[in-house]
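This report concerns only the one structure given below.
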Amino acid sequence: MPVTHMRIDNRLIHGQIVVSWIRAEQADVLMVANDVIARDDFQRSILMAVAPPSTPELVLSVDDALAYIASPEHAQERVFLLVKTPADAVRLVRGGLPLQTVNVGNMAFVVGAKRVSNTVFVTPADVEAFVALRDAGVTLTCRMMPTERNNDFMKMLDSAHLLSTAV
Amino acid sequence: MILGPQEELLTLALEPADDPTELAARLREALPAPGTGALILVDLFGASPANAAAALLRDRDDIEIVSGASLPMLVEVLAARDSGTARQLAERALAAGRESVRDVGGIIRAAIHPAPEEVSR
């Protein structure tokens, strides 16, 4: 299982990731899969500069991330995978990435988004993507920090009355 | 409490629900006209506020960003702010940050109980 942890986080690499998650998951590689940033030299350099020196970092397009993880050469690597949106997570799963669990970290408020928790806000399109992940057999959790328990994210969506409209 | 009220000093917070790109926008709006320069102090290197500040470097070459923000650092740059460019203030902030990290327990214990060779002199 090359991907040890997959997280949806609109902040991508930030304090919680750098300080807590990388150590907790003992990742060999920190990977960001995002088409826009992979093409943008400036944003890519910022992300590369802030990664912890102990962990090599890759900023790849979603397709390149799939190719990297599928390559036999990297079969033994423990990859900590970050995406900004649930839609990108769906692309990875549909592209053949074997994932049992996807953790939802930060999803900042955007116009049209509804509150799920203090740090997670979802749009109807996000909810659709989460349902698609669930239907693909992926368990969705919601943990800010590695020490938190595994909250069932689909239950949280349901409790916030956000699930019924999309299903 | 230490230096009194300060002008041209702005504090910005990133709350859990906030979008860091929105913080970058607030920072951009708060900056003086290009060429005037500004020093941005942030806490953790690689954290969202630091990354939001770093995003400003795309269009602004006259700003400096220093992480590890501390009170000693802030006091140093506020006291020196009229006497230097943003780059010079950044250098002072870096030095103040490094110099302010001291082993208080070790220093006081050494003063109370000097090492034996010092006693014998």
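All chains are named by letter (A, B, ...) in the order of the sequence lines, taking the proteins before the strands, and each is independently numbered beginning at 1.
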Original post:
So with a 6.0 Å cut-off around CG of B:Asp103, is the heavy-atom count from everything else above 12?
Top reply: yes

Original post:
Applying the side chain to side chain contact (heavy atoms under 4.5 Å, CB included) test to B:Pro20, which of A:Leu12, A:Asn10, A:Asn106 qualifies?
Top reply: A:Asn10

Original post:
Which atoms of B:Glu15 come close to chain A, meaning under 4.5 Å heavy atom to heavy atom: side chain ones, backbone ones, both, or neither?
Top reply: backbone

**OP:** Please answer whether the main-chain N or O of A:Ile13 pairs with a side-chain N or O of B:Asn51 as donor and acceptor at a distance below 3.5 Å.
**Re:** yes

Original post:
Do A:Phe121 and A:Val127 belong together in a cluster built from hydrophobic side chains that touch within less than 4.5 Å?
Top reply: no

Original post:
More than 12 non-hydrogen atoms from neighbouring residues, nucleotides or ligands closer than 6.0 Å to CZ on A:Arg94, yes or no?
Top reply: no

Subject >> Heavy-atom proximity to chain B below 4.5 Å, by part of A:Asp40 >> reply: side chain

Subject >> ILVMFWY network linking B:Leu23 to A:Val110, side-chain heavy atoms under 4.5 angstrom >> reply: no

**OP:** Can you tell which part of A:Phe109 gets under 4.5 Å to a heavy atom of chain B, answering side chain, backbone, both or neither?
**Re:** both

Original post:
More than 12 foreign heavy atoms under 6.0 Å from CD of A:Gln76: is that the case here?
Top reply: no

**OP:** Heavy atoms only: give me the nearest B:Pro16-A:Arg11 pair and the separation to one decimal.
**Re:** O-NH2, 3.4 Å

Original post:
If Ile, Leu, Val, Met, Phe, Trp and Tyr residues are connected whenever their side-chain heavy atoms lie under 4.5 Å apart, and connections chain through other members, are A:Ile37 and A:Tyr68 in the same group?
Top reply: no

Original post:
Around B:Arg109, counting heavy atoms of other residues, nucleotides and ligands shown, do more than 12 lie under 6.0 Å from its CZ?
Top reply: no

Original post:
Highest number of heavy-atom pairs under 4.5 Å with chain B: which of A:Ile17, A:Val50, A:Ile46?
Top reply: A:Val50

Original post:
Which atoms form the tightest heavy-atom contact between A:Val18 and B:Gly46, and what is the distance?
Top reply: CG2-O, 4.4 Å

**OP:** Please look at A:Val19 and chain B and tell me whether the side chain, the backbone, both or neither of the residue comes under 4.5 angstrom of a heavy atom of that chain.
**Re:** side chain

**OP:** Please look at B:Leu14 and chain A and tell me whether the side chain, the backbone, both or neither of the residue comes under 4.5 angstrom of a heavy atom of that chain.
**Re:** side chain

